[in-house]
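Beneath this line is the structure, given in structure tokens, with notes to follow.
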Amino acid sequence: MGNEKGLTPQAEDFSAWYNEIVQQAELASHSAVRGCMVIRPYGYRIWELIQAGLDGMFKATGHQNAYFPLFLPKSALDREAEHVEGFAPETAIVTHAGNSELEEPLVVRPTSEAIIWPIVRDWIDSYRDLPLLLNQWANVVRWELRTRPFLRTTEFLWQEGHTAHATESEAEEETRRMLGVYRTFMEDWMALPVITGLKTESEKFAGAVRTYATEGLMRDNRALQAGTSHNLGQNFARAFDVRFQTEEGEHDFVWSTSWGVSTRLIGGLIMAHGDDTGLVLPPRLAPYQAVIVPIWRNEDQKGQVLESAARLAEALVGGGIRTHLDGREGMNPGAKYYDWERRGVPVRLEIGPRDLEAGQAMVVRRFTPDGEDRKRPLSLGGITEELETLLVRMQGELLAEATERRGANTTRNVESMDTFRDVVESVGGFVFTGWCGDEGCEARVKEETKATIRVIPDEEFRSSDPPTRCLCGEASVAEVVRAKAY
RNA sequence: CGGGGCGUGGCGCAGUCCGGUAGCGCACCUGCUUUGGGAGCAGGGGGUCGCCGGUUCGAAUCCGGCCGCCCCGACCA
């Protein structure tokens, strides 16, 4: 703890800052079981808003929600060789029901490919049944050795899309489409700019042909893989015998994809925007977009102020602004200011006797672009519209700020190992380098610097004049983004 | 899973070395006075000291085992 009332500054100890903010903003707490966390109401509300935003986008792209079971027979997981190998070390296995041993152990899903495909194969007969576009909101369990709230927990909540297509190109198109959906969500809702691109073989999903990811930059200049989208080719279709009859009457295995984002996004939100005062939430994902703090000096004023504040709250809620009236007694306004700032509420409305007389409320923003006033009065007439505009603007400003920070912490055209090491150890951030394409080289650089290849970036992120050499001195076959990551 | 640190009211900690009725700050409850950037005074409530076992007349304190958390490494969304 930095001091009695504040947080440990980020610059002093980012991990400590993160843990304190999770606790003090009442996002989550630990449970009795190692690596598991309780998502508290304020944190869960953020997840609900994330869900609502993404779910709308999934539906708009033709996907339907379903729910598949938590357990799968161990034999099912074992059917796709790479998949088993990837997940075996981190699966939780149920062997008993009460006192009797089960005939076949059950695996608690670490992901649902091996549950879904044996079932869905019966839903698919012909090309007319394709594409099959499914999504499920679920919990999964991965027995991680090292856990952190939201970023990596033993059990976590996520969304997993699973689709089947008639052709390879359709599957690839779907994989890319959903990567784009994630990117849009991250930028427009989370105000988190991300680099999209392809994972290297060693970093891809176990069982995938290709894995794409979105990578965001946190305020400690480490990267966070925020979402992944996999082109599974026909790997799972072969493993689970999912065939369909083509237009020409032939039989073929379906081409499938899967894609997911998890409660890790909340960790990303915290680390992308939070400051030494506390959480900073983008308006679109803030449980409360505006909090009203009433101020009074005597009983008479208290009645009037509270009444006006309640009317104001009602008007704002009616206008679609998530609003909370903080009527707690025995707490000074100042204490409330700190409280809501720590929780990242975008806008605070102060309303007191002086404001009532002037027919206004003081509007105080959680963050502003440099040099702009945080605080100004707004007339109560038309305040809903003003706030709507303000929240939209703040959403944009937060993204702009994060994008600028990413730019300032991105280094391009690094060609030598010495320079690379220097950059990683001093600035950190995203480092664009060449890559020879060799996995051994990738592993050695990781070993030496702890920085990994995050993605082979999509075209729009590539340098206009990319490096011609890998860090090892060999000719580069692809420009890559490297960073220390969570 | 290896190395290090730590578990004492909701949170942060002292007490543990040297065994003897469990304490402090914040938070909480009641009352009064306050309230435009973390209020004051008075009174009050709450902890089988992570868990299990052992030693002892007596254990937060000593011994053994286990569990959890944090940091650093090997694996991962």
Side-chain angles (χ1 to χ4, degrees), chain A residues 1-8 13-16 18-20 23-24 26 29-37 40 85-91 110-111 140-160 182 199 202-206 211 213-216 223-230 258-268 277-278 293-299 301-302 305 326 328-342 348-356 358 361-362 364 374-375 377 443 446-447 450 452 485-486:
Chain A
M1 197 66 53
N3 57 60
E4 278 164 33
K5 294 183 169 165
L7 294 159
T8 297
D13 185 343
F14 197 82
S15 290
Y18 181 84
N19 291 328
E20 287 166 18
Q23 190 202 306
Q24 291 190 23
E26 297 181 0
S29 51
H30 293 290
S31 76
V33 177
R34 160 202 174 78
C36 293
M37 70 172 171
R40 301 181 63 176
E85 203 185 316
F87 284 104
E90 53 189 58
T91 51
T111 176
V140 286
V141 167
R142 297 181 188 175
W143 218 262
E144 300 289 352
L145 298 175
R146 196 168 166 185
T147 60
R148 301 193 67 190
F150 294 112
L151 298 174
R152 179 167 298 110
T153 47
T154 300
E155 178 192 10
F156 58 94
L157 304 185
W158 79 344
Q159 143 289 304
E160 46 182 324
Y182 286 155
K199 285 285 179 183
S202 66
E203 298 268 339
K204 78 173 189 193
F205 174 72
T211 290
T214 64
E215 296 279 333
L224 183 77
Q225 178 174 307
T228 50
S229 185
H230 317 289
S258 69
W259 26 275
V261 298
S262 70
T263 35
R264 168 178 263 203
L265 292 183
I266 297 174
T277 306
V293 177
I295 299 156
W296 61 80
R297 279 181 189 284
N298 54 50
E299 285 302 305
Q301 290 179 342
K302 179 177 160 186
V305 166
D326 186 353
R328 286 177 289 182
E329 307 212 14
M331 197 170 172
N332 282 335
K336 295 179 181 179
Y337 301 165
Y338 282 103
D339 193 33
W340 294 112
E341 281 170 7
R342 191 170 47 208
R348 175 174 79 239
L349 298 168
E350 304 172 8
I351 183 160
R354 294 207 294 269
D355 299 303
L356 285 194
M362 293 303 299
V364 188
R374 286 182 70 214
K375 188 165 178 168
K446 177 183 177 180
E447 172 80 16
K450 310 298 171 210
T452 51
Y486 276 97

Mind checking the [atom1] distance from [N] to [M]? Whole angstroms is fine.
N     : M     : atom1 : result
B/A60 : B/U55 : P     : 16 Å
B/C51 : B/U61 : P     : 10 Å
B/G12 : B/C6  : P     : 16 Å
B/C52 : B/G68 : C1'   : 15 Å
B/A77 : B/G37 : C1'   : 40 Å
B/G46 : B/G9  : P     : 15 Å
B/C24 : B/U33 : C1'   : 27 Å
B/C69 : B/C32 : C1'   : 43 Å

With heavy atoms under 4.0 Å as the rule, sort [X] into base, sugar-phosphate or nothing.
X      : value
A/R374 : base
A/S15  : sugar-phosphate
A/E299 : nothing
A/P89  : nothing
A/L151 : base
A/T211 : nothing
A/T228 : nothing
A/G267 : nothing
A/E350 : base
A/F205 : nothing

Ignoring backbone atoms, establish whether [X] has a side-chain N or O less than 4.0 Å from OP1 or OP2 of [N].
X      : N     : answer
A/R354 : B/G36 : no
A/R146 : B/C1  : no
A/K375 : B/G37 : no
A/N19  : B/C71 : yes
A/N332 : B/U35 : no

Among the nucleotides [options], which one has an atom lying closest to any side-chain atom of [X]?
X      : options             : answer
A/R142 : B/A77, B/G36, B/U35 : B/A77
A/K450 : B/A74, B/G37, B/C75 : B/A74
A/M362 : B/A77, B/C70, B/G36 : B/G36
A/Y338 : B/G38, B/A77, B/U35 : B/G38
A/A335 : B/A39, B/G36, B/C70 : B/A39
A/P333 : B/U35, B/C76, B/A77 : B/U35

Kindly compute the distance separating [atom1] ([X]) from [atom2] ([Y]), expressed to the nearest 0.5 Å.
X      : Y      : atom1 : atom2 : result
A/S262 : A/Q159 : OG    : CD    : 9.5 Å
A/L157 : A/F150 : CG    : CZ    : 9.5 Å
A/E155 : A/W143 : CD    : CH2   : 9.5 Å

Please report the distance, rounded to the nearest Å, between [atom1] in [X] and [atom2] in [N].
X      : N     : atom1 : atom2 : value
A/F14  : B/C72 : CZ    : C1'   : 18 Å
A/R148 : B/G68 : CZ    : C1'   : 17 Å
A/W143 : B/A77 : CH2   : C1'   : 17 Å
A/E20  : B/C26 : CD    : P     : 19 Å
A/I351 : B/G36 : CD1   : C1'   : 13 Å
A/W296 : B/A39 : CH2   : C1'   : 14 Å
A/E329 : B/U34 : CD    : C1'   : 12 Å
A/D355 : B/U35 : CG    : C1'   : 14 Å

Watson-Crick or G-U wobble partner of B/G31, both distances under 3.5 Å: B/C41

Watson-Crick or G-U wobble mate for B/C13, both contacts under 3.5 Å: B/G23

A/C36 vs A/E341, nearer the 5' end of RNA chain B by closest nucleotide: A/E341

Geometric class of the A/H230/A/F205 ring pair [parallel <30°, tilted 30-60°, perpendicular >60°]: parallel

Which atom pairs link the protein and nucleotides 49-51 of chain B when you take only N or O atoms and keep those under 3.5 Å?
none

By side chain to side chain contact (heavy atoms under 4.5 Å, CB included) - contacts of A/R152 (at least two apart): A/E144, A/R264

